[in-house]
Asker: 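Okay, handing you the structure first.
Numbering of ligands and ligand atoms starts at 1, following listing order.
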Amino acid sequence: MEKQAGSVSALSAAAMGEAWARIRGRLREEVGEVEYRTWLRQMTLVGIEGDEAIVVLPTRFLRDWVRSHYGDRLRALWQQENGTVRRVDVRVGPERPATDTTPEAEAPRGNGLAEPLAGKPAAAARAAAADARSDWSAPLDPRFTFDTFVVGKPNEFAHACARRVAEKPASPGFNPLFLYGGVGLGKTHLMHAVAWAIRNGEPARNVAYMSAEKFMYRFIAALRSQSTMEFKESLRSVDVLMVDDLQFLIGKDNTQEEFFHTFNALVDAGKQIIVSADKSPSDLSGLEDRLRTRLGCGMVADIHATTYELRLSILQAKATAAGIDVPKSVIEFLAHKITSNVRELEGALNRLIAHANLFGRAVTLDGAQEVLHDILRAHDRRVTIEEIQRKVAEHYNIRLTDMSSARRARAVARPRQVAMYLAKQLTSRSLPEIGRRFGNRDHTTVMHAVSRIAELMQADAAFAEDVELLRRMLET
Ligand code: ADP
Ligand code: MG
């Protein structure tokens, strides 16, 4: 492999990908497999800007760790590869590169959860085929397949539509397929899954996946270099066109216009189009009307916010895939606490797994609360201990002061334990903190209360229902 001479910008995407693969290989040898998997495996090279290589990691936690522990080493290794790289910027960013700088054949960027697509040896061949076919598609994430997509009520329709399109692209009624939903709910995952399924089934098919931004940049670049004809030609050779996050084209009238024409040409030629956005076609204000109409005339499928059940299944599936034993209580706790989206849920679980791997400790509820402290604070439903005490006292018809009194009669002691239990479940306060708020009790008293209530809930369905009711009242 020849070293690239000259400026960094002369470094082709392929050469850059190779350099990056060598750097990762070196790091892996230097730090060992466990450490590499825990901290470094999720690094993605976004590109090189000026004299700076930009590397992203999916969470702040990982970024800080990699910066402080491996930052210097990364820079040194880059300099060995290419003297013009003087700095390495480690950022938090999307897990996928914003540009095509990482060739598909590169070692998969796993997160240590799901094993990348089966048949890895085929990856290089696939990448070569992809190169020959088209330079349009951004790399596909090897983890985003149908196998790893967990289906539940909120996404079953979108999933079924995606499956259908993967099996029979461009069938009537499913073209275009318009997927929409909030951030982190699996739109990109589903699109990649369709792309993988089609590529694996029919390698000759030209499947191009790209972000709407990328589409726009390519179009603008073509305008500048007066090569819009080539742009059009090459796009129209695509069999399946996927454009992700179409909302980014809002307000970009020229690009919308071009997309509209490309769209029509492809559909007329019997090609499949899949588009995603954060809103339904009718709610995407700022989109040209005729484009909106065209987008809505195939199949429109929304992905709803996750439910508790879906969050449970996703966590369970990811823990199993990672081969880590995560207790049910921790899974329930996370599913309960982190309701925003799947990406955050995954991030929290990844962090737990990283810690478990690193310190060789089992995952426990207490440990999880500690490790995820900052995330949990942010997601705290802001139920306060006072509110819990008030609600519980009201419910059991005892005085609020008895929450902190020394009285030990069952009639007040049990509700007090319920309140402690709920404080532990619904807030991110530590055991000693909770103890203090209940009349300066010891943290072991709180611990005892929590396990006692959990036991009683197991044994007595009516009691469990009661506690669950309280919990729901406090949460809404
Ligand atoms: P979006 O494109 O809608 O913002 P992504 O497709 O990027 O969301 O999903 C965010 C993360 O959550 C990804 O890592 C993805 O694999 C994961 N994810 C989302 N939905 C599911 C699901 N149903 N099963 C498994 N993983 C999921
Ligand atoms: Mg996405």
Asker: Do any N/O/S atoms of Ser276 come under 2.8 Å of the Mg ion (ligand 2)?
Answerer: no
Asker: Between the candidates Lys318, His159, Met191, Arg143, which shows the shortest non-hydrogen contact distance to atom 26 (N) of ligand 1?
Answerer: Lys318
Asker: Check the side chains of Arg236 and His261 for a donor-acceptor pair under 3.5 angstrom, ignoring hydrogens and angles.
Answerer: no
Asker: Numbering the atoms of ligand 1 from 1, which are under 4.0 Å from a heavy atom of Glu346?
Answerer: 11 (C), 12 (O), 13 (C), 14 (O), 16 (O), 17 (C)
Asker: Any donor and acceptor pair, going by atom type alone, linking the side chain of Asp51 with main-chain N or O of Arg87 inside 3.5 Å?
Answerer: no
Asker: Of all the atoms in ligand 1, which lie at a distance below 4.0 Å from a heavy atom belonging to Gly182?
Answerer: 3 (O)
Asker: Please check this pair: side chain of Asp253 against backbone of Glu288, looking for a donor-acceptor N/O pair closer than 3.5 Å.
Answerer: no
Asker: Relative to the heavy atoms of Phe144, which atoms of ligand 1 are at a distance of less than 4.0 Å?
Answerer: 13 (C), 14 (O), 15 (C), 16 (O)
Asker: Side-chain polar contacts of residues 70-77 - donor-acceptor pairs under 3.5 angstrom, sequence neighbours left out - could you list them?
Answerer:
unit_1 : atom_1 : unit_2 : atom_2 : d
Tyr70  : OH     : Glu35  : OE2    : 2.6
Arg73  : NE     : Glu30  : OE1    : 2.8
Arg73  : NE     : Glu30  : OE2    : 3.3
Arg73  : NH2    : Glu30  : OE2    : 2.7

Asker: Would you indicate which of Asn350, Thr306, Leu185, Val150 comes nearest to atom 24 (N) of ligand 1 when only heavy atoms are counted?
Answerer: Val150
Asker: Which of the numbered atoms in ligand 1 are under 4.0 angstrom from any heavy atom belonging to Thr148?
Answerer: 24 (N), 25 (C)
Asker: Please verify whether a non-hydrogen atom of Gly184 lies at under 4.0 Å from ligand 1.
Answerer: yes
Asker: I'd like a table of donor-acceptor pairs (distance under 3.5 Å, sequence neighbours excluded) in which one partner is a side-chain atom from residues 326-335, with atom names and distances.
Answerer:
unit_1 : atom_1 : unit_2 : atom_2 : d
Lys328 : NZ     : Glu332 : OE2    : 3.1

Asker: Is the contact between Leu190 and ligand 1 made by the side chain, the backbone, both, or neither, using heavy atoms and a 4.0 Å cut-off?
Answerer: neither
Asker: Of the choices Thr145, Val342, Ile314, which has the non-hydrogen atom that lies closest to atom 19 (C) of ligand 1?
Answerer: Val342
Asker: Just say parallel, tilted or perpendicular for the rings of His192 and Tyr209, cut-offs at 30° and 60°.
Answerer: perpendicular
Asker: Give the numbers and elements of all ligand 1 atoms closer than 4.0 Å to a heavy atom of Asn155.
Answerer: 23 (N)
Asker: So which of Ala193, Ser276, Gly186, Ala321 gets nearest to atom 8 (O) of ligand 1, if we judge by its closest heavy atom?
Answerer: Gly186
Asker: Does the Ser171 side chain pair with the main chain of Phe174, one donor and one acceptor, at a distance under 3.5 Å?
Answerer: no
Asker: Do Asp245 and Ser211 have a side chain donor and acceptor closer than 3.5 Å?
Answerer: no
